[in-house]
Amino acid sequence: MPAASPEKERLAAQYAAKKAAYGWKSPVPDIIDLSRIQTALDIAAGTCIWSLDLAATLHAKNLHDVQIYACDINTGFLPADTDVTKSFAEGYHGMFDLVHISLLVVCLTEDGWKAALANVQKLLKPGGLLMLDEFDLVLFRNGQYSRPVIGFALQNKFVIGLSFRLREMLEEAGLTVEKVQAQRGSVGKTCRIHKGADGGSPAAFEGSTAEVFESIVARFAAIMLEKGTAEAPSGHHIVNEEELEGILAEVHEGLKTEGAYIPGACYVARKS
């Protein structure tokens, strides 16, 4: 991916905003002792921003004997047979002290999640940790959820309430949940109002969070329009691109003047 690509900039802003929401000064929650990590794997690594952050943190702590691996997945905004749903090569089984997964909510169905978590369980050493952070496909404005986002999730069989459902899925995969940090992610103007988990202000991310979610909603809506299933927040059926542009303009103005938030959670789970 080119260094100055819009997608890379979007993902960097998304990562920074997420850390601010959770109040993290490190790429991992405090419960994870990096001095005990020798091998780490970043799944669905994208631009490797988490892997690079981890490497910088380890260097700052004079922890130099850690091997960091990263892999991306073959997926778009629709469910597909992705690498993470298939078993990794046996040579990687039982190899990792830490596996990191983030933001696959629009990549995996419930069956996909179950397969992915079962595969991760095989990758971990006994006692190894999975760090998994996700948000829900629910965008709240003025206490009401966004119909287009929920509609897209239901049509494509994504998991509704994923941040709540993950505990049972992790346990079914043979992983013991050691910590859950639930957090509300602010989008747009609410970045000025709600604080991060550490009491810090995410106000600096007001513009970038709005841009990220406008792009996500635009992708959702375009796919739904193509399928003939696009709806406005009011429930009105959208039939052409002109109407769609009008709705996206309303979303833009709403995030600018009112803001919104999404629920999410970070899980740390251990393999017995």
Side-chain angles (χ1 to χ4, degrees), residues 10-11 13-15 17-24 29 43-44 46 75-79 82 84 100-114 116-117 130-173 175 177 179-191 193-197 202 205 208-221 223-224 231 233 251 254-255 258-269:
R10 182 187 71 79
L11 291 173
Q14 177 178 285
Y15 181 69
K18 180 178 69 174
K19 286 182 70 176
Y22 282 104
W24 294 339
I43 294 178
T75 189
F77 256 66
L78 293 172
T82 63
V84 75
H100 169 256
I101 298 177
S102 178
L103 305 182
L104 294 186
V105 63
V106 291
C107 300
L108 299 173
T109 63
E110 182 162 345
D111 288 342
W113 272 108
K114 290 179 179 179
L117 294 176
L130 168 63
M131 174 187 170
L132 172 59
D133 62 87
E134 285 294 345
F135 66 87
D136 293 326
L137 280 175
V138 183
L139 184 66
F140 286 97
R141 285 179 56 199
N142 293 326
Q144 297 186 349
Y145 65 82
S146 168
R147 291 177 63 96
V149 177
I150 287 288
F152 183 84
L154 290 172
Q155 288 173 29
N156 292 285
K157 300 181 180 179
F158 295 135
V159 180
I160 303 297
L162 179 62
S163 69
F164 301 95
R165 295 283 313 284
L166 278 172
R167 177 184 288 274
E168 66 184 81
M169 289 193 279
L170 287 163
E171 291 173 349
E172 286 177 8
L175 298 165
V177 175
K179 181 176 181 178
V180 183
Q181 182 182 357
Q183 186 60 36
R184 177 170 58 183
S186 297
V187 183
K189 188 177 179 180
T190 51
C191 289
I193 303 168
H194 301 303
K195 303 295 184 182
F205 302 103
S208 62
T209 54
E211 289 174 7
V212 167
F213 276 90
E214 284 176 40
S215 70
I216 291 174
V217 171
R219 290 196 201 185
F220 287 169
I223 293 170
M224 293 170 70
E231 284 187 352
V251 170
L255 294 179
E258 302 168 5
Y261 70 88
I262 54 171
C266 177
Y267 286 78
V268 177

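Below, each value reflects all heavy atoms present in this structure, side chains not excepted, and no hydrogens, waters or symmetry copies. FYI, the numbering just counts along the sequence from 1.
At least one donor-acceptor pair under 3.5 Å links the side chain of Y22 to the backbone N or O of A265. For the pair T190 (side chain) and I193 (backbone), a donor-acceptor distance under 3.5 Å is absent. Distance alone, capped at 3.5 Å, places no donor-acceptor pair between the T109 side chain and the K157 backbone.
Nearest approach of L104 to A44, heavy atoms of both residues: CD2-CB, 3.6 Å. Looking at every heavy atom in both residues, R165 comes nearest to I160 through CG-O, 3.9 Å. When all heavy atoms of Y267 and F164 are compared, the closest pair comes out as OH-O, 3.9 Å. In terms of heavy-atom proximity, F205 sits nearest to A17 at CE2-N, 3.8 Å. Contact record, L103 with Q14: CD1-NE2, 3.0 Å, taken as the closest heavy-atom pair. W113 approaches V105 most closely through the heavy-atom pair CZ2-N, 4.3 Å.
Of the N and O atoms on the side chains of Q181 and W24, at least one donor lies less than 3.5 Å from an acceptor on the other residue.
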Worked verdict on S102 versus K18 for side-chain hydrogen bond (donor to acceptor under 3.5 Å, both in side chains): CA-CA 11 Å; S102 178; K18 180 178 69 174; 2.8 Å; yes
Report the C-alpha separation of I262 and R184 in whole Å, then their side-chain angles, then the decisive distance to 0.1 Å, and conclude whether the side-chain contact (heavy atoms from CB on, under 4.5 Å) test is met. CA-CA 6 Å; I262 54 171; R184 177 170 58 183; over 6 Å; no
When you look at L255 and V187, which way does the side-chain contact (heavy atoms from CB on, under 4.5 Å) test go after all the steps? CA-CA 7 Å; L255 294 179; V187 183; 3.9 Å; yes
Report the C-alpha distance between Q183 and C266 in whole Å, list the side-chain angles of each, state the deciding distance to 0.1 Å, and finish with yes or no for side-chain contact (heavy atoms from CB on, under 4.5 Å). CA-CA 8 Å; Q183 186 60 36; C266 177; over 6 Å; no
Candidate pair L108 and V84, rule side-chain contact (heavy atoms from CB on, under 4.5 Å), full reasoning: CA-CA 9 Å; L108 299 173; V84 75; 4.1 Å; yes
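Between K189 and E258 the shortest side-chain heavy-atom distance does not fall below 4.5 Å. Here the side chains of L162 and M169 are in contact, with some heavy-atom distance below 4.5 Å.
Shown are L170, V177, L175; of these, the side-chain contact (heavy atoms from CB on, under 4.5 Å) with L132 is made only by L170.
Between the OG1 atom of T209 and the CD atom of E214 there is a distance of 9.5 Å, given to the nearest 0.5 Å. To the nearest 0.5 Å, the span separating CZ on R167 from CD on E171 amounts to 6.0 Å. Between I43 atom CD1 and L130 atom CG the span is 8.0 Å, to the nearest 0.5 Å.
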